[in-house]
Each structure stands twice: as structure tokens, then as C-alpha cells.
Amino acid sequence: MQNIVVGISSCLLGEEVRYDGAHKHNSYITKTLGQFFEFRSFCPEVASGLGIPRPPVRLVAEGEQIKCVGVKDADLDVTEAIKNISALQNSWLAEISGYILKKGSPSCGMERVKVYRNGFPQGNGVGLFAEHLKQNFPLLPMEEEGRLGDPGLRENFIQRVFIFNNWQVLNQQRLTPRALMEFHSQHKLIAMSHDQTMARELGRIIAGADKSNIDKTAEHYITWLMRCLTVVATPGNHVNVLQHIQGYLKRKIDADDKAELTETIESYRLGKVPLIVPITLLRHHFRKQPDPFIENSYYMNPHPLELGLLNQI
Ligand code: SF4
């Protein structure tokens, strides 16, 4: 498997790049995710030439404009320096499959960053570099390290990274309507677990693909898919997908096995067992009764088992 490259705020890897020369090492990222992702670190403040140590900066609203200025010296305005250095990163940013950002930073924070208006903080800002990512790479999966502590958000982000990487790999070859159809068939059940209406729309988009409109259709499709995957999957939607998969076994397993499967899905619905339990039972039945659609479906094997993500949701 080709390496999956994920961008990351340098301080989260333990690099001593913060304004005070410290770091914000996150061991889940380096020890667990580091086994599956190759990290590309970037510190927009250091890259802007601000040095270590440096005066701390914060976001300040001036009318409609947001500036990044010194906490102690408001004449220290680093807004353009950070924006300019961010724009120079586009070539490698276009190649990566996700980004992990440091929460709360006036450069890297993805949301709820403090913005000072008339000296009073409001928690509704976005760091300047994170804003650059959002504007220029709207499909790129992004998450803050703080939110990776939540099992549902963590699984959602990691799943999006793997799926976006699948898309990038697919696009390394010339895209055909057939390849696009196959990609959709692999990811259809995953999309259903996030948002059933958007999943149906994805089916309609794919149905209209032909050689003459393949590039436009592909762009439309991936925009909808990534938007759909951003919606956090609910247990109710997972139950619908599990029952849908169960339907493929209707004539292939006996009444006792059916009852056990129904009971296991119900236990998941009631929160008594995690999602990995019904999925493992389904995998067991499909090993004996193979079905090409299910075997090919990314829903049954969304990311490496070692990450244990389905054990926690
Ligand atoms: S600018 Fe970003 S990478 Fe650099 S220290 Fe601040 S949060 Fe970390």
C-alpha cells in the first residue's frame, strides 16, 4: 500500500516550535496514527520567519478584517507574512490526504479560535493557515487534535482520510465511467451510514456519467461524497446499513444464524456492543457465503483493524 501522507501542525509531533520554545506532542498521533500515516509537518509561524522564541500573537477584528497581531504589541502585524507563506505551500498540500491542526492557535486553529474585538474575546475565529486550507482545499479531511479524543469524530476523520486517499489513487490513472462506478459501488454503504439522502444523490450523479462528462461528473461526485462523509454516522444509519447487508444473506443462512444476526444488530442499536461486533459476525457469514458486492464494499473493512476504531463506536 502506498504511504498515506497527512499534514500536521509541527508542534503536535513534538517539534519545539511554539512561541515559547515548547511543543504540544500528542502521543496518540505519533504512536498510533504514525503507524499508518506519514506525517508532513508545517509550522506557519516559524515558516513566516517569526523565530523561536517569538512574541505570542492573536487574532484581532478590525471592522470586517481579521488580523494576526502581537498580544503585547499590536503594531507587530504578521497577517500578510502568514498568508503569504501559506500560499507558497499549495504544491505539497495538493498531494496530501488529510490535515491535523492544533486547536486554538491563531495560525492553525480550525474553529472557535479567539478573536479579540474591542479588547473582548469571541470564540468564533479560524486560524489564518487553517483558513487558507479551507478556502483552497475544501475537500481535504481536516481535524483538530483535541477533537481526535472523541471516538466518533476520530473514526470519522480517519475514515475520510483513507477514502480521500482511495480517490487520489484512483485519479492517478485515466478516469473512466466504469472505474467511477466501481469506486461508488465500494463506497456506497459507507455513504449510506453517514447520510441516506446524500448517498442516493451520489447514485444519481454516477448514473449520469459517460465519457463526454467524466471529469465534471467526477468532481461533482467527490464533492458530494466528502460532504456526505463529514456528517457523523449515527447508530440508526449503521443499523439500516447492517440490515441492508443482512438482506444479502437472506437465502444463504439458516433461521438460527438469522436470529443471532438480528439480535446482534439489535444489541448494537441499544448500545450494548460496539459496531465491530455485528460487522465481525457479518464478515464471518460472508467468508462462507461470498458476495462480490459485499466483499468489495469498503464498509466491511474501512480502515486497519489495529486502529480499533470500530471497537469504540
Ligand atoms: S503555528 Fe501552528 S504549528 Fe506552529 S506552534 Fe503554533 S500551533 Fe504549532
Side-chain angles (χ1 to χ4, degrees), residues 6-29 39-90 92-93 96 98-150 152-154 156-157 227 230 232:
V6 170
I8 188 163
S9 299
S10 305
C11 54
L12 295 175
L13 287 188
E15 295 175 24
E16 294 170 338
V17 290
R18 280 172 58 85
Y19 71 92
D20 55 1
H23 60 75
K24 281 282 176 185
H25 178 236
N26 180 308
S27 59
Y28 174 73
I29 293 174
F39 291 119
R40 167 85 195 236
S41 67
F42 179 63
C43 174
E45 292 180 16
V46 169
S48 303
L50 298 181
I52 313 167
R54 57 186 174 275
V57 289
R58 64 182 185 180
L59 296 180
V60 171
E62 286 182 12
E64 292 300 298
Q65 268 195 324
I66 303 291
K67 292 194 162 182
C68 188
V69 301
V71 172
K72 290 193 181 140
D73 175 10
D75 288 337
L76 173 70
D77 184 344
V78 298
T79 315
E80 286 311 309
I82 294 178
K83 283 187 177 177
N84 291 340
I85 202 70
S86 299
L88 290 176
Q89 312 308 312
N90 285 358
W92 68 268
L93 292 175
I96 60 175
Y99 213 107
I100 303 176
L101 291 151
K102 173 75 189 75
K103 176 183 161 212
S105 154
S107 303
C108 294
M110 190 178 87
E111 57 185 29
R112 294 191 293 275
V113 178
K114 280 184 192 159
V115 180
Y116 288 80
R117 190 178 286 276
N118 301 323
F120 294 102
Q122 296 168 339
N124 58 354
V126 177
L128 297 185
F129 176 64
E131 181 65 29
H132 174 80
L133 285 179
K134 286 185 180 190
Q135 292 297 329
N136 293 277
F137 303 95
L139 303 182
L140 183 68
M142 286 176 222
E143 194 47 279
E144 288 186 336
E145 103 288 357
R147 286 164 45 103
L148 290 178
D150 177 292
L153 296 176
R154 179 167 61 223
N156 178 281
F157 170 67
R227 206 178 287 164
T230 309
V232 177

For [X] versus [Y], what's the shortest heavy-atom pair and its separation?
X	Y	result
Gly14	His25	CA-CB, 3.8 Å
Val57	Glu45	CG2-OE2, 3.8 Å
Pro106	Arg58	CB-CA, 4.1 Å
Ser41	Leu13	CB-CD1, 3.8 Å
Asn124	Val115	OD1-CG2, 3.9 Å
Asp150	Gly152	OD1-N, 2.9 Å

- Message: For a side chain to side chain contact (heavy atoms under 4.5 Å, CB included) check, start with the C-alpha distance between Leu50 and Tyr19, then their side-chain angles and the critical distance, and finish with the verdict.
- Response: CA-CA 9 Å; Leu50 298 181; Tyr19 71 92; over 6 Å; no
- Is Lys102 salt-bridged to Glu145, going by a charged N under 4.0 Å from an acidic O?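 Counted as a salt bridge, because a side-chain N and a carboxylate O are separated by less than 4.0 Å.
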- Query: With a 4.0 Å cut-off, would you call Glu111 and Arg147 a salt bridge?
  - Reply: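 Yes.
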To the nearest 0.5 angstrom, please state how far the [atom1] atom of [X] sits from the [atom2] atom of [Y].
X	Y	atom1	atom2	answer
His132	Leu93	NE2	CG	6.0 Å
Ile29	Phe39	CD1	CZ	6.0 Å
Lys83	Leu88	NZ	CG	14.5 Å
Glu144	Leu153	CD	CG	10.5 Å
Asn118	Glu62	CG	CD	10.0 Å
Cys68	Glu80	SG	CD	11.0 Å

Just wondering, do [Y] and [X] contact through their side chains at under 4.5 Å, heavy atoms?
X	Y	answer
Tyr116	Lys114	yes
Pro55	Leu76	yes
Leu59	Leu128	yes
Val46	Arg54	yes
Phe137	Ile96	no
Leu101	Leu133	yes

- Query: Do Phe129 and Phe42 have their ring centres less than 6.0 Å from each other?
  - Reply: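 Yes, close enough.
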- Item | side chain to side chain contact (heavy atoms under 4.5 Å, CB included) between Thr79 and Gln65, intermediate numbers included | CA-CA 10 Å; Thr79 315; Gln65 268 195 324; over 6 Å; no
- Task: Without swapping roles, check the side chain of Arg117 against the backbone of Gly63 for a donor-acceptor pair under 3.5 Å.
- Result: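 It does hold such a pair.
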- Message: When you measure from the side chain of Ser9 to the backbone of Cys11, do you find a donor-acceptor pair of N or O atoms at a distance under 3.5 Å?
- Response: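 No: the side chain of Ser9 does not pair with the backbone of Cys11.
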- Please test Ile100 against Glu143 for side chain to side chain contact (heavy atoms under 4.5 Å, CB included), starting from the C-alpha separation and ending with a verdict. CA-CA 5 Å; Ile100 303 176; Glu143 194 47 279; 5.6 Å; no
- Task: Would you please test Cys43 and Glu15 for side chain to side chain contact (heavy atoms under 4.5 Å, CB included) and show each step?
- Result: CA-CA 9 Å; Cys43 174; Glu15 295 175 24; over 6 Å; no
